[in-house]
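Along the sequence shown, residues carry numbers from 1.
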Amino acid sequence: MTAPEPRPPLAARPAWVDVVLRGTRSARADQLSRFEPPPGHGRRSAVLMLFAGPGSGAGPDGVDVLLTERAPTLRAHAGQVAFPGGRIDPDDAGPGAAALREAYEETGLRPDGVTLLAELPDLYLPVSDYAVTPVLGWWHAPSPIGVRDPAEVARVVRVPVPELVDPANRFQAVHPTGFVGPAFRAQGLFVWGFTAGLLDRVLHLAGWEREWNHARLHDVPPVPDPPPNRSARA
């Protein structure tokens with residue numbers, strides 16, 4: 001069994017980590033999303049916003065964020081891009097532990113290589129009726145990652161932040177339901193919905209956002225047909 005990665009002292013963290021923290025740790029829920037969970041909402045989940053990057057510099061150059069693409073066979077949010085995460089189980093010691101557990105189950109991420117930095121305010125996903133706690137993490141010791149269960153996850157991608165903030169990759173996504181919201185194209189992914197909205201706000205609060213054309217509209221692409229003989233998963 002490999003020895004756990006030593007956790008670096010927070011004083012040794014790169015300058016860009018402090019930039020992200022300064023911008024986000026005091027953020028209110030209404031600065032991150034249009035939707036807040038009802039008081040005392042019992043259906044709770046957590047997502048891991050995991051950033052990795054060079055050991056110096058305050059800007060986004062060299063920084064990336066971990067995203068997954070959900071399998072097209074899933075009944076809920078099929079084919080959508082998401083942060084690793086899921087439901088908070090009774091055995092989890094809070095949102096951070098749940099986000100790390102789910103990230104390991106989805107991507108093989110080693111939790112001992114992650115420093116959890118902050119829990120952001122709970123947000124609400126009306127379509128699935130979950131209160132979601134975004135957990136900020138610094139990937140101080142990146143480890144190999146990949147798809148662990150193709151029935152759940154189609155792709156695991158480290159997406160460069162400079163690619164996300166490039167104005168050429170920014171637009172508003174339009175869904176047949178009437179939803180319109182910020183979106184990104186990066187690494188072959190079409191990022192929209194809750195994930196794109198949260199990314200948009202965190203990049204803005206960190207001061208990394210570049211001016212982009214909010215009048216550019218792109219339809220959300222249809223979910224690809226799942227391969228035959230594959231049962232749907234929740």
Side-chain angles (χ1 to χ4, degrees), residues 1 3-14 16-52 65-68 70 76-77 80-143 145 148-149 152-153 156 158 193-195 197-199 201-203 205-206 234:
M1 185 176 187
E5 289 284 347
R7 292 186 183 271
L10 288 184
R13 64 194 178 199
W16 63 262
V17 173
D18 285 321
V19 169
V20 176
L21 270 177
R22 277 197 303 271
T24 58
R25 83 171 124 204
S26 60
R28 302 184 311 271
D30 63 0
Q31 293 177 293
L32 298 170
S33 173
R34 290 177 289 176
F35 304 105
E36 297 181 43
H41 192 67
R43 288 169 58 86
R44 300 191 61 218
S45 63
V47 296
L48 181 63
M49 298 190 71
L50 184 61
F51 291 91
V65 62
L66 183 63
L67 296 176
T68 67
R70 290 168 61 84
H77 310 294
Q80 288 190 24
V81 176
F83 299 109
R87 184 177 60 191
I88 300 175
D89 289 343
D91 293 341
D92 291 322
L100 286 174
R101 174 183 54 76
E102 289 280 349
Y104 170 74
E105 292 173 1
E106 294 175 8
T107 73
L109 174 78
R110 286 183 51 174
D112 56 22
V114 175
T115 298
L116 296 182
L117 300 168
E119 293 177 8
L120 302 184
D122 287 351
L123 308 176
Y124 187 52
L125 262 178
V127 67
S128 55
D129 192 31
Y130 268 101
V132 184
T133 305
V135 180
L136 282 177
W138 165 35
W139 203 1
H140 69 260
S143 54
I145 50 172
R148 296 194 75 213
D149 182 357
E152 298 280 351
V153 175
V156 176
R158 293 177 62 171
F194 175 84
T195 302
L198 186 53
L199 265 177
R201 292 294 81 208
V202 168
L203 295 173
L205 292 169

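In this structure, W138 and V20 have side chains that are not in contact, with every pair of non-hydrogen atoms separated by 4.5 Å or more.
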Worked check of side-chain contact (heavy atoms from CB on, under 4.5 Å) between V202 and V65: CA-CA 12 Å; V202 168; V65 62; over 6 Å; no
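By the salt bridge (charged side-chain N to carboxylate O under 4.0 Å, His left out) test, R22 pairs with no residue at all, sequence neighbours left out. Taking the side-chain contact (heavy atoms from CB on, under 4.5 Å) definition, one finds that L205 meets it with T24, A27, L32, sequence neighbours left out. Scanning for side-chain contact (heavy atoms from CB on, under 4.5 Å) contacts around E106 gives T68, P84, E102, V153, with sequence neighbours left out.
The minimum heavy-atom distance between A52 and R158, with the atom names listed, is CB-NH2, 3.6 Å. Minimum interatomic distance between A103 and L109 (heavy atoms only, all atoms of both residues): CB-CD2, 3.6 Å.
In R148, the CZ atom is crowded: over 12 heavy atoms of neighbouring residues, nucleotides or ligands sit closer than 6.0 Å.
Residue pairs that meet the salt bridge (charged side-chain N to carboxylate O under 4.0 Å, His left out) test with at least one member in residues 28-42, sequence neighbours left out, are R28-D30. Screening residues 81-101 for ring pair (Phe, Tyr, Trp, His ring centres under 6.0 Å) gives no qualifying pairs among residues at least two apart or on separate chains.
If you take CG on L21 and CH2 on W16, they are separated by 9.5 Å, rounding to the nearest 0.5 Å.
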Pair up each side-chain donor or acceptor in residues 116-124 with any protein partner under 3.5 Å, not counting sequence neighbours, and list the distances.
unit_1, atom_1, unit_2, atom_2, d
D122, OD1, T133, OG1, 2.4
Y124, OH, D129, OD1, 2.6

